[in-house]
Protein chains: 2
Amino acid sequence: MSGSAPAPIVAVDVVIFTIDGGRMQTLLVQVPDGPCAGAWAFPGGIVGPEESLEEAARRELRARTGLRGVYLEQLRTFGDPDRDPQARVVSTAYVALIAAKTNGARRGRYADVAWVPVDRLPRLAYDHKAMARAAVERLRAKLAYTNIVYGLLPPTFTLSELQRIYEIILGRPLDRRNIRKKLLASGLLCALERQRRGAHRPAALYRFAHRRPVVVRML
Amino acid sequence: MSGSAPAPIVAVDVVIFTIDGGRMQTLLVQVPDGPCAGAWAFPGGIVGPEESLEEAARRELRARTGLRGVYLEQLRTFGDPDRDPQARVVSTAYVALIAAKTNGARRGRYADVAWVPVDRLPRLAYDHKAMARAAVERLRAKLAYTNIVYGLLPPTFTLSELQRIYEIILGRPLDRRNIRKKLLASGLLCALERQRRGAHRPAALYRFAHRRPVVVRML
DNA sequence: TCAAAAGTGTTGGCATTACACCCATGA
DNA sequence: TCATGGGTGTAATGCCAACACTTTTGA
């Protein structure tokens, strides 16, 4: 059992997505030490002895954003022996979705923290480039057959805002009338009394009937 | 970093599916020792210091079945602190698909090894019940939008055999004409010259154009 | 000749797409 | 009043599901 080779370190990394400024953004941190010091990476940390993987991911998420009760799902586990030059680290990646403006990126133990558009990612440490690809793919795919967009939206929103989020993530325009029909027919939305007043005609506000993941054909 | 708590053990488990006797079957082993000794579980093992997770899963698969070059994909990682009563074990589960009759279940370090229909699973050790559920769900879902059935079929097969596999896994009958149209139109199959002669009218034999995972709408 | 599986096309319904005009508001 | 985004219905198309009879073989 306990041979001479050191036991692998078990860690989690969290790819946190938000939509802001018309773009998909992720939270990156600067690796504080080791051979990769200064490089950008997704925030992560070692899993505590009494903690589940998801708990560790939520802890890290909370440390970076101050948020709890956020949508979080396991992506996959990266465990190649040489993925971290410093030690054998097996890391389970999670994807988290948060609404724009709810976040104030917190440095904590990191030198710096930044929201970066996913189409402008810098060179990333470890195998985090592959992690980023996998996370974006997963998000795109799951938008089509689940209601997880709710994670990216504030409690109330207009149909146009919802449509815009789909368009940003999928990278293509959607027909307003068609998507409204589908969304309203899905039964997942509740119309509110209130309206959002902006520079132009006010828009009806909606909320999600439940903020829990459901598999439903959305697109 | 290295506190007093022992580092978690990093392991893999493999859920091996095959279709035989008109049923989905999985390979189970009897846990050799520890508090769960005698209970059934999916075969698994500790990840070696120089091994990737997938390599460890392939090694285990080969040790149990003698097979290599098999379809294998990561399912997810199970890491609850109390999932194994004996030690903290973080285990990444894999799903493997093999063709019937290509396997001779090998005991190795286990007391016993058996192919068991997935709808007749005994009580399983650890959190392997959840693992089984997740594996079956994944397989069902992925059949619809990828060509991974090839993993369950021998090199050549008839369209009826292919249809039968879909029916067994999905648990519902499929229309012969409709599925033939889709399969032949998909361009994934090559018709062979040979025919399979059985008790009745001979059937045309086919093979897959490539035995690599491709995302294609199949159902 | 009979039983059992292989093989083959057409049709109707449903879902998806494409598309254009009027409305309400703030500036 | 004008610019901007909000709100709405219909028609054409393509996709999918339902459906029955003939063929070939071994027994």
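The sequence lines fix the lettering, A, B, ..., with proteins before strands; numbering per chain opens at 1. Being a predicted model, the structure only gives us computed values, none of them experimental.
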(message) Just to verify, what does B/Arg172 make a side chain to side chain contact (heavy atoms under 4.5 Å, CB included) with, not counting sequence neighbours?
(response) B/Leu170, B/Leu174

(message) Whole angstroms only, please: what is the CG-C1' distance between B/Leu170 and D/dA17?
(response) 16 Å

(request) Under 4.0 Å between any heavy atoms, over every strand shown, what does A/Arg164 touch: base, sugar-phosphate, or nothing? Just pick one. (result) nothing

(message) If the condition is side chain to side chain contact (heavy atoms under 4.5 Å, CB included), which residues does B/Ala93 pass it with, not counting sequence neighbours?
(response) B/Leu75, B/Phe78, B/Met131

(request) May I ask you to say what B/Ser160 touches in the nucleic acid, namely base, sugar-phosphate or nothing, with a heavy-atom cut-off under 4.0 Å? (result) sugar-phosphate

(message) Suppose we screen for salt bridge (Lys or Arg N to Asp or Glu O under 4.0 Å). Which residues come up paired with B/Arg207, at least two apart in sequence or across chains?
(response) none

(message) Distance check needed: C/dA5 P versus B/Leu174 CG, whole Å only.
(response) 17 Å

(message) Distance check needed: D/dA20 P versus B/Arg180 CZ, whole Å only.
(response) 18 Å

(request) Round to the nearest Å and state the distance from A/Gln163 atom CD to D/dG7 atom P. (result) 11 Å

(request) Check A/Glu60, A/Glu54, A/Glu55 against A/Arg58 for a side chain to side chain donor-acceptor pair (under 3.5 Å) and give me the one that passes. (result) A/Glu54

(request) Could you state the atom-to-atom distance from CD1 of B/Ile179 to P of C/dA6 in whole Å? (result) 13 Å

(request) Specify the separation, in whole Å, of atom CZ of B/Arg194 and atom C1' of C/dA6. (result) 17 Å

(request) Just jot down the side chain to side chain contact (heavy atoms under 4.5 Å, CB included) partners of B/Ala100, sequence neighbours excluded, or say none. (result) B/Thr18, B/Asp20

(request) Figure out the CE/C1' separation between A/Met218 and C/dT16, and round it to whole Å. (result) 16 Å

Using atom types as modelled, flag every donor-acceptor pair under 3.5 Å from a side chain in residues 190-203 of chain B to any protein atom, sequence neighbours excluded.
| residue | atom | partner | partner atom | Å |
| --- | --- | --- | --- | --- |
| B/Arg196 | NH1 | B/Glu161 | OE1 | 3.1 |
| B/Arg196 | NH1 | B/Glu161 | OE2 | 2.3 |

(message) Using whole Å, what does the distance between atom C1' of nucleotide C/dA5 and atom CG of B/Leu205 come to?
(response) 14 Å

(request) Heavy atoms under 4.0 Å is the rule here; annotate nucleotides 18-27 of chain C 5' to 3' with B where the base is hit, S where only the sugar-phosphate is, and - elsewhere. (result) BBB--BBBS-

